[in-house]
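The structure appears right after this line, and notes come after that.
All residue numbers in this chain count up from 1 along the given sequence. Because the structure is predicted, anything quoted here is derived from the model rather than measured.
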Amino acid sequence: MRDALRRYRRACDYLAAAMIYLKDNVLLTEPLRPEHLKPRPLGHWGTCPGLTLVYAALNRLVAETRQRTLLVTGPGHGAPAIHANLWLEGTHAEYDPRLSLDGSGLAELVRRFSWPGGFPSHLSPEVPGVIHEGGELGYALATAFGAAFDDPDLLVACVIGDGEAETGPTAAAWHSPKFTTAGDGRVLPILHLNGYKIASPTVYEAMSDDELTAYFTGCGWTPLLVDVRGTDDPDTPLAEALARAHRQDTGPPPMLVLRNTKGLGLPATSPDGTPLEGTFHAHQVPLAPDQLEPLEQWLRSYRPEELFDADGVPAPDLLAVPPEPELRLGRVPQANGGRLRRDLPLPDVGKFAATGAEESPTEVLGGWLAELVRRAPDTFRVVCPDELQSNKLGALLEVTDRQFDRAVPGHTEHLGRRGRVLEVLSEHLCQGWLQGYLLTGRHGLFPCYEAFVSIVDSMVNQYAKFLKMSGEVRWRAPVASLNYLLTSDGWRQEHNGYSHQGPGFINQMLTKKARTTRIFFPPDANALLETMHRCLSSTRLINVVVAGKQSSPVWLSPDEARAHCRAGTAVWPWASHEGPPDVVLACAGTTPTGETLAAVQLLAAAAPDLRVRVVNVVDLLSLCPPDRHPNGLSAEAFAECFGEDVPVVFAFHGYPSAVHEVLHGRPATQRFHVHGYREEGTTTTPFDLLAGNRMTRHDLAADAVRRARGWSSLGGDLARDFQRERDELLAAAYRDGEDPAEITGWRWQR
């Protein structure tokens, strides 16, 4: 076995190097010439030998124990190593016959890597066995734990580069074992400590074994240190450590610290004397293409003629290393979780509908989610950064605990060893957990303060790319959508102040592919129920739902909410005049909807002859032209809502630029005048916050009369009256420290 593993690793290392450099002569059957090289050699060699060392050792463990194992690769830039292993185990050929286990398939694999129309330089959804790209570092360990939740028979081996281990998200993820219990799978982190990042040593390289042991012990692990530098038999100590880790079922969970040589197998130096093996110079493409002679010597040092026959077929002992086909790392079902996904048993929203005049949308939703948890006790989780009760979703905690597997001193509530809620004050950890959970076939929800969800901007960027590419891979089955519930929104964060006021995540989502993202602004509790039912029924999407948590008017009956959410954007006839309008008042968001309807009443009293139409937008992307977004209203439906030349005063929850962006391509967009958040805020009253951003009912009414057709002569005077009334109310708020009753006690009169 020892000789076979050594030869297997030699074959994988050769293939990885060949993928980086070669486009032809892939088995070096003739002298290497410049035309055999790729014009743009790309890839990261430095981590490849270590990844193959781990992959081969996991093959051995799986073959001996039949342990179902998913591999999450943090250093996804070491993709050539993973491709080499997938090819040798036959998984690549199973998904694509052109990558057959012969010379033709080998040539295709080598040519396709980092080639136009081929595989990218990092791991990606086109690669079997992958749920994590690893292109952006920091998220592998959290994703691995998400995959392990509620899958007690699964082992998730997670390779973490020592450069990646310097990141904040990884630092938080080391605490994940405190949230896993006997009902979850096991995660085995393997810190690949090869000493260097792109151009400098890593923090972990500077730590002694005692420091490493103390650090990881303090995080709650049993660290097993494996140093294979300088040994001619790295397989045995690594296999022994993996076997020990697999056997351990008591005490703190095991993790491996694998000290290894970066870029093992390279020449010691380049022709100009630059040190290579064991230095950061091994990180990417260590030898330049014009260094043809040393490059050929390096490639021939793997002796490919001993590993592959004349037809390019791998030697039989190499093919015997991977475990039996159904247990191979590239074929674990969880890596194509859409095939495991089952629809959620969603409760009927009608049974949970809001019936009062005013109710908290999220509090109503909480009751519905609690029933969903009862029905889906092992396929649905809520991840939240310690904000569940703050966001009035506490009904969930009446049916489930927050899962936490440690005894804690002092007073606690709703904390248990098993639960459907995971709360940790790390948005990165919540995001990583949920991604891993969804990509392995389950469902979830991420409630978050609106201002702080932007902490995961970069993570959701990567996830959106993963979903986009997954949709282009024929064998990838669709996974459940990633659902954000953004509450504690900026318009009601007047008490927490400017730091808590920020709707920028909406704009971030607008940069994503139309087939990937959706953005919803349910105006009341019943619309929120309908929206969430829709989101939790969907697949392959990132759904962003923005909803208030404070008690607010219930505008729509359950049937009206259902029809409205189906339409995406619609006229509210009960708040509008019949016939052609002089001005359209549009709104999107809980607070903007309330202010718009209050403006309608101001206008009815001051300008009873002004014909107003109210349009509410629940699906922001329905405003897009249908050729830009699948949810876009048809030209006819858009005109039925907004007319063709009528001025539109739009009260929007977020930055005005978001509305202008989605309207691009519609005719006569200059008639849309958008009020929204203008980066004005502090600790103040709700009305003052609105006034600072020109979003009060008085600002909307003033803009309406100034812009309405046929009102140019009267509009100016009325607008000044509205603004004077606004300023008087603001003065009262500044005097009394609270908004006056005219604001707090306002109710819609139908």
Side-chain angles (χ1 to χ4, degrees), residues 344-404 412-416 418-425 430 434 437 443-450 452-453 480-489 492-493 520-537 543-558 561-562 565 589-591 618:
L344 282 173
L346 298 173
D348 179 2
V349 297
K351 296 179 180 179
F352 296 86
T355 56
E358 292 193 2
E359 297 198 38
S360 160
T362 55
E363 197 166 7
V364 171
L365 177 66
W368 183 78
L369 290 173
E371 176 59 23
L372 174 56
V373 164
R374 290 191 187 98
R375 295 182 177 203
D378 56 5
T379 57
F380 176 74
R381 282 189 180 258
V382 176
V383 299
C384 187
D386 192 34
E387 297 160 0
L388 206 67
Q389 288 181 308
S390 171
N391 283 326
K392 298 194 175 183
L393 294 166
L396 278 164
L397 300 177
E398 297 173 10
V399 299
T400 187
D401 285 329
R402 301 179 179 94
Q403 181 166 308
F404 195 69
T412 63
E413 295 179 3
H414 306 296
L415 207 65
R418 290 298 291 169
R420 309 315 302 160
V421 170
L422 296 164
E423 283 205 285
V424 61
L425 200 49
C430 290
L434 188 53
Y437 198 64
H443 305 256
L445 175 66
F446 185 172
C448 189
Y449 272 35
E450 179 186 43
F452 302 133
V453 73
S481 295
L482 172 58
N483 300 299
Y484 294 100
L485 174 61
L486 307 187
T487 186
S488 294
D489 67 88
R492 291 308 311 268
Q493 287 297 299
F520 300 104
F521 296 95
D524 69 359
N526 288 332
L528 177 58
L529 285 172
E530 286 291 338
T531 299
M532 196 55 63
H533 188 284
R534 174 179 177 177
C535 290
L536 288 171
S537 303
N543 294 309
V544 178
V545 182
V546 186
K549 69 178 183 180
Q550 307 295 341
S551 184
S552 59
V554 177
W555 307 110
L556 305 171
S557 70
R562 186 173 302 110
C565 292
T590 306
T591 296
V618 65

Donor-acceptor pairs under 3.5 angstrom involving side-chain atoms of residues 374-381: please list them, not counting sequence neighbours.
| residue | atom | partner | partner atom | Å |
| --- | --- | --- | --- | --- |
| R374 | NH1 | E371 | OE1 | 3.1 |
| R375 | NE | E371 | OE2 | 3.1 |
| R381 | NE | D150 | OD2 | 2.9 |
| R381 | NH1 | Q403 | OE1 | 3.4 |
| R381 | NH1 | G419 | O | 3.0 |
| R381 | NH2 | D150 | OD1 | 3.0 |
| R381 | NH2 | Q403 | OE1 | 3.2 |

Please give me the minimum heavy-atom distance between [X] and [Y], naming the atom from each residue.
{"X": "P523", "Y": "V618", "answer": "CD-CG2, 4.2 Å"}
{"X": "A354", "Y": "V364", "answer": "CB-CG2, 4.1 Å"}
{"X": "V373", "Y": "L396", "answer": "CG2-CD2, 3.6 Å"}
{"X": "S481", "Y": "N543", "answer": "CB-ND2, 3.5 Å"}
{"X": "A525", "Y": "S360", "answer": "CB-O, 4.5 Å"}

Without swapping roles, check the side chain of [X] against the backbone of [Y] for a donor-acceptor pair under 3.5 Å.
{"X": "W368", "Y": "L529", "answer": "no"}
{"X": "T400", "Y": "R420", "answer": "yes"}
{"X": "N526", "Y": "A561", "answer": "no"}
{"X": "D524", "Y": "P553", "answer": "no"}
{"X": "T531", "Y": "P522", "answer": "no"}

Within a strict 4.5 Å, meaning less than it, do heavy atoms of the [X] and [Y] side chains meet?
{"X": "H414", "Y": "E398", "value": "no"}
{"X": "F446", "Y": "N483", "value": "no"}
{"X": "C448", "Y": "Y484", "value": "no"}
{"X": "L346", "Y": "L536", "value": "yes"}
{"X": "N391", "Y": "Y449", "value": "yes"}
{"X": "P447", "Y": "L393", "value": "yes"}
{"X": "V424", "Y": "D386", "value": "no"}
{"X": "R562", "Y": "V349", "value": "yes"}

Kindly compute the distance separating CG (L556) from CG (L528), expressed to the nearest 0.5 Å.
12.0 Å

If you measure from OG1 on T590 to NZ on K549, what distance do you get to the nearest 0.5 Å?
12.5 Å

Would you check, one step at a time, whether the test side-chain contact (heavy atoms from CB on, under 4.5 Å) holds for L388 with L397?
CA-CA 9 Å; L388 206 67; L397 300 177; 3.9 Å; yes

Test of understanding: with side-chain hydrogen bond (donor to acceptor under 3.5 Å, both in side chains), list the residues that count as partners of E423, not counting sequence neighbours.
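If we apply the side-chain hydrogen bond (donor to acceptor under 3.5 Å, both in side chains) test to E423, skipping adjacent residues, the hits are R402.
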
Testing K392, E450, E387, Q493 one by one against S488 for a side-chain contact (heavy atoms from CB on, under 4.5 Å), which residue passes?
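Between S488 and the candidates, side-chain contact (heavy atoms from CB on, under 4.5 Å) is satisfied uniquely by Q493.
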
Between M532 and F520, does a side-chain contact (heavy atoms from CB on, under 4.5 Å) hold up when you go through it step by step?
CA-CA 10 Å; M532 196 55 63; F520 300 104; over 6 Å; no

How far apart are the C-alpha atoms of C430 and L422, what are their side-chain angles, what is the distance that settles it, and do they pass the side-chain contact (heavy atoms from CB on, under 4.5 Å) test?
CA-CA 8 Å; C430 290; L422 296 164; over 6 Å; no

Qualifying salt bridge (Lys or Arg N to Asp or Glu O under 4.0 Å) pairs, either residue in residues 351-363, two or more places apart
E358-R747

For the pair L482 and L434, evaluate side-chain contact (heavy atoms from CB on, under 4.5 Å) and give the outcome as yes or no after the intermediate values.
CA-CA 8 Å; L482 172 58; L434 188 53; 3.2 Å; yes

